[in-house]
Protein chains: 2
Amino acid sequence: MWHAGTVTTPSPGLRERKKQATREALREAALRLAVERGADQVRVEDIAEAAGVSPRTYNNYFASREQAIVSAVTADREARIAAAVAARPAGARLADAVTEAVVEQYTNAGEREQEALLLITTRTALRDAFLDTTASIGPPLTTVIAERIGDAGAHTARVLAASVAAAIRIALEGWLRPAGSAEAAGGLVVPSGSLPDQLRAALAPLAPAFDAAERRTHPIKRG
Amino acid sequence: MWHAGTVTTPSPGLRERKKQATREALREAALRLAVERGADQVRVEDIAEAAGVSPRTYNNYFASREQAIVSAVTADREARIAAAVAARPAGARLADAVTEAVVEQYTNAGEREQEALLLITTRTALRDAFLDTTASIGPPLTTVIAERIGDAGAHTARVLAASVAAAIRIALEGWLRPAGSAEAAGGLVVPSGSLPDQLRAALAPLAPAFDAAERRTHPIKRG
DNA sequence: GCGCAAACTTGCGTGCACGCACTTTTTCTG
DNA sequence: CAGAAAAAGTGCGTGCACGCAAGTTTGCGC
């Protein structure tokens, strides 16, 4: 009993493998072309051609032009975060497990990923697409959180996962803001620290909620 | 109390009023046409024509076709939520203030709003646009929360506001799911209750985080 | 009053997302 | 093993988002 998702495919058919191969080819082509020429000099038609599929098929895999490029960097980060949380000992504090897993998965930047990130930060459209990837963290994170706090708190798990995703997004926004607008709501500006610092700072306020959810399942008190 | 200003009203210039009038005309036209014919039978060109502007100008006001229709229902709900929170007595628990303000603003459905909501639930694109409006709650809510917990917790306020927005979104998703997909993450299905119940249930897990943030600013407060 | 500058509107062109119908490929079943 | 069924790929057409470069209105200083 595992959920149909982005985890792995033992051997569910020859068909699925070709599908993943096509997706990977599109990711690769999109990133390569974006790095070679500018990001604005790459059309969907070019990416599709480089990957050997029709432009129409491209949209069967990615909803937008930027998604493919960003996808090459983010890859299956959601699944890795969820796996990292699940890998932590069951006795550890859930809030810490989640925080460390997130920081861990966002700090190990590969060589090509670093170059791609540099490209992403320059273009607004790519930055937005990159920030939108945080939304996909929700579902897998919901699963692992639900395993910790029990099925009774399924609803809670979903809210907590979504809150984590929102916090990560805020951290990323604050991180890649070299000359961005700082007037948004309260006009308050927090100096951009390192990414791990931003992530920890953003996730810290949620810790009490995790503690409470976790405490509810471990019946230390009765009556 | 018609101004949509987030914080101040810089100048009630004649120009700004025409702008708001155009926006209102577009909202009105979009909703009316969508109700009259089906939602799919309304093009941007039609809305623009009914409002007396060019199709190009339409996009200067709304980023997508669905936004205008949804905007007619949501109006300035974000501002009203923020105002409702600010209106609560300073001594009250912040978590309760936010929860009640949200429930309050999402339950007073006008007559035409009810009809529009019925329309929204039928079309997936409109539902998505409706859910996306929760994102706009963040900024104003951040401001009022920051006022309560102090500028020191500005970062915290932003995270909490985003978490609230995410929770509201989840509540709405669960509410308008007549025959939707229930397989998302854990395959767990929670029977759809009333909207106020959904909202309270979604916001409840965040209460400890609010308490902790509030406690950090008010030295020792028992309540 | 008188322009001037900024803001708003608009026509035009380009690329893109996506529905629909059809073809091709893979998988299931008798 | 063959044919059916399901699923993925593809061509085509439509409407839309948005940059750009005018044209037009509003507001302000002189």
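Numbered from 1 within each chain, the chains take letters A, B, ... in sequence-line order.
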Practice task
Scan A/Tyr61 against the nucleic acid and name what it touches under 4.0 Å (heavy atoms): base, sugar-phosphate only, or nothing.
Solution key: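 Contact class for A/Tyr61: sugar-phosphate only.
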Spacing between [X] atom [atom1] and [N] atom [atom2], to the nearest angstrom:
X: B/Glu16; N: C/dA6; atom1: CD; atom2: C1'; value: 14 Å
X: B/Arg65; N: C/dC18; atom1: CZ; atom2: P; value: 12 Å
X: B/Phe62; N: D/dC18; atom1: CZ; atom2: C1'; value: 17 Å
X: A/Glu45; N: C/dT14; atom1: CD; atom2: C1'; value: 12 Å
X: B/Asp46; N: D/dG15; atom1: CG; atom2: C1'; value: 11 Å
X: B/Glu66; N: D/dG15; atom1: CD; atom2: C1'; value: 11 Å
X: A/Leu26; N: C/dA17; atom1: CG; atom2: P; value: 12 Å
X: A/Asn59; N: C/dG19; atom1: CG; atom2: P; value: 10 Å

Show each protein N/O and nucleotides 10-12 of chain D N/O combination with a separation under 3.5 Å, one pair to a line.
residue, atom, partner, partner atom, Å
D/dT10, OP2, A/Ser54, N, 3.0
D/dT10, OP2, A/Ser54, OG, 3.4
D/dT10, OP2, A/Thr57, OG1, 2.6
D/dG11, O6, A/Arg56, NE, 3.4

Interatomic spacing from [atom1] in [X] to [atom2] in [Y] - rounded to 0.5 Å:
X: A/Ile81; Y: A/Tyr106; atom1: CD1; atom2: OH; value: 5.0 Å
X: B/Gln20; Y: B/Glu24; atom1: CD; atom2: CD; value: 8.5 Å
X: A/Leu160; Y: A/Leu141; atom1: CG; atom2: CG; value: 9.0 Å

Exercise for the section: Taking only Lys NZ, Arg NE, NH1 and NH2, and the carboxylate oxygens of Asp or Glu, determine whether B/Asp197 and B/Arg200 approach each other closer than 4.0 Å. Expected result: no
Could you list the donor-acceptor pairs under 3.5 angstrom formed by side chains in residues 63-72 of chain A, with sequence neighbours left out?
residue, atom, partner, partner atom, Å
A/Ser64, OG, A/Gln67, N, 3.2
A/Arg65, NH1, A/Ala39, O, 3.0
A/Arg65, NH1, A/Val42, O, 2.9
A/Gln67, OE1, A/Ala63, N, 3.2
A/Ser71, OG, A/Arg27, NH1, 2.9

Closest approach of [X] and [Y], non-hydrogen atoms and distance?
X: A/Arg148; Y: A/Val85; answer: NH2-O, 3.5 Å
X: A/Arg169; Y: A/Asp132; answer: NH1-OD1, 3.1 Å
X: B/Leu119; Y: B/Ala34; answer: CD2-CB, 3.6 Å

Practice task
Consider the side chain of A/Lys18, meaning its heavy atoms from C-beta on, and name the nucleotide among C/dC8, C/dA17, C/dT26 that approaches it most closely.
Solution key: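 Within the option list, the nearest is C/dT26.
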Handout entry: Any residue of residues 29-43 of chain A with a heavy atom less than 4.0 Å from an atom of DNA chain D
Key =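 Here the set is empty: none.
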Handout entry: B/Thr74 side chain vs B/Arg77 backbone, donor-acceptor pair below 3.5 Å
Key = no
